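Since the structure comes first, as structure tokens, the remarks are kept for the end.
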Number of protein chains: 2
Amino acid sequence: MQTEISQTDKSRDRILSSAALLFCEHGYAGVSMRKIAENCEMKAGSLYYHFTSKDQILTEVLNIGIQKVHAAVADALSDTPKDTLAIDKLRRAVSGHLHALLENSSFTSANVRIFRQVPEEIQLSNLDVRRAYEALWEKFLIELKEAGHLHANVDPRSLRLMLIGALNATLEWFDPKLGEISELADRYTNILANGMLRERNL
Amino acid sequence: MQTEISQTDKSRDRILSSAALLFCEHGYAGVSMRKIAENCEMKAGSLYYHFTSKDQILTEVLNIGIQKVHAAVADALSDTPKDTLAIDKLRRAVSGHLHALLENSSFTSANVRIFRQVPEEIQLSNLDVRRAYEALWEKFLIELKEAGHLHANVDPRSLRLMLIGALNATLEWFDPKLGEISELADRYTNILANGMLRERNL
DNA sequence: GTATCTACCTAACGTTTGTTAGAAGTATTT
DNA sequence: AAATACTTCTAACAAACGTTAGGTAGATAC
């Protein structure tokens, strides 16, 4: 059993977590190396023992953010019985994404908040993991489509953009004191699956 | 007829527009007074003839952002015939919001992008206009509900948050070169109204 | 017990930051 | 033509920025 975690690794993690939280709250340019250091009870210069630059911290935060939500959704979709209802598969995926976004760590929320305002070269370095995550959803939605579960005029790509966008936007207002994530996931799944209007207009 | 626009007003507008665009692209802290000035072919010091501080520019940008989208949606909803279908009213509101967000000016998109990462006191100064805009949607959705157009288990507040969130999130990926805003509005309206799944699960 | 390695600190560097005071140029008014 | 307002400029300020070099304390190795 190898549960030993070196001091270096602990410090690295602490720095990345602090950076993620602060980036999420104040934006990339709004957070200084000194503030990140202060948040882990260090001095600014010490950060450079673990990272070569602020940009490197940013890059790692962004990548971890997508990896976490990817893993959460992949897990949620992997162990579903063959005969699971389409809406229940959807609920699992939605729930996985929302938990990764709104719970525990700030990596995913930092990514959602700051990705578009970060230097373009750094956006590019995050593209691979992003595309992999998008592909996961795309595959799921295309399977639904081919199994005949989607409306004919709904195209998977547009749906995916709308769906993930709607989920990510919860970050702007969700407050754990005012409701459970699982209830939120249920409400979203319900509207996404059945729509809001009683009459159908197709 | 009073179409005279003073030099001061022209400069003020130019500064605010530049600031909105830059804030949207790089975040609040990522934009310096010198960059704003450069964008309107001025020097940084000159900005202080029109504004007392960077915070004041920010505050005005945020307020204008909400006011523009509010006006767009209010307009879209105001001149609808009495017998308009629920889905068509929805389409008008959605279309109004998306046009204000994705077209022409950057005020609304700047607000969506940076609101949560600006100092709390400035968020507070934007609360009144935000609440007014939220109330506009809330009123619209409650009317739909009371007229029996919404599913029984859909509550207007949650729906409003999801709906506006989904619309705002288009900002992260929409590209006018790859599609019209009106088509986007149609697709979103369709899914929001009818849902994505063919079978109903209520 | 000396030497090496690890993880952090101190102190400084050049640059950029928001902001200000006062000069300078341009319109407008008298 | 002189005087008054209006708008922008220049030049500087103290503070904060990312980053670097070199030092220090404690653990580990020989």
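Side chains are part of it too, since the values below use all heavy atoms of this structure and drop only hydrogens, waters and symmetry mates. What you see is a predicted model; the values in this text were computed from it and never measured. By convention in this document, chain letters (A, B, ...) are assigned in the order of the sequence lines, proteins followed by strands, and residues within each chain are numbered from 1.
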Table please: side-chain donor-acceptor pairs of residues 35-46 of chain A below 3.5 Å, with sequence neighbours left out.
unit_1	atom_1	unit_2	atom_2	d
A:N39	OD1	A:S18	OG	3.1
A:S46	OG	A:K43	O	3.4

Can you run down the ring-ring contact (aromatic ring centres under 6.0 Å, His included) pairs that involve residues 25-45 of chain A, sequence neighbours left out, and say none if there aren't any? A:F23-A:Y28
What residue pairs, at least two apart or across chains, pass ring-ring contact (aromatic ring centres under 6.0 Å, His included) with a residue in residues 172-196 of chain A?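 Residue pairs passing ring-ring contact (aromatic ring centres under 6.0 Å, His included), neighbours aside: none found.
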Nucleotides 22-27 of chain C: which of its N/O atoms have a protein N/O under 3.5 Å away?
none

Partners of B:H70 by ring pair (Phe, Tyr, Trp, His ring centres under 6.0 Å), sequence neighbours excluded?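 B:H70 satisfies ring pair (Phe, Tyr, Trp, His ring centres under 6.0 Å) with B:Y133 only.
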Contacts of A:F107 that satisfy ring pair (Phe, Tyr, Trp, His ring centres under 6.0 Å) - sequence neighbours left out: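 Counting only residues at least two positions away or on another chain, A:F107 forms no ring pair (Phe, Tyr, Trp, His ring centres under 6.0 Å).
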For nucleotides 3-7 of chain C, tabulate all protein N/O to nucleotide N/O atom pairs closer than 3.5 Å, reporting atom names and distance.
unit_1	atom_1	unit_2	atom_2	d
C:dA7	OP1	A:T8	N	3.2
C:dA7	OP1	A:T8	OG1	2.2
C:dA7	OP2	A:T8	OG1	2.4
C:dA7	OP2	A:Y49	OH	2.9
C:dA7	O5'	A:T8	OG1	3.3

Taking only residues at least two apart or on different chains, which pairs with a member in residues 71-87 of chain B satisfy side-chain hydrogen bond (donor to acceptor under 3.5 Å, both in side chains)?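 For residues 71-87 of chain B: none.
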Among residues at least two apart in sequence or on other chains, which ones pass salt bridge (charged side-chain N to carboxylate O under 4.0 Å, His left out) with [X]?
X      : result
A:E172 : A:R113
A:D155 : none
A:R12  : A:E60

Listing time: all N or O pairs from protein to nucleotides 18-21 of chain D that are below 3.5 Å?
unit_1	atom_1	unit_2	atom_2	d
D:dG18	OP1	A:K54	NZ	3.0
D:dG18	OP2	A:M33	N	2.8
D:dG18	N7	A:R34	NH1	2.9
D:dG18	O6	A:R34	NH2	3.0
D:dT19	OP2	A:Y48	OH	2.8
D:dT19	OP2	A:K54	N	2.9
D:dT19	O5'	A:Y48	OH	3.2

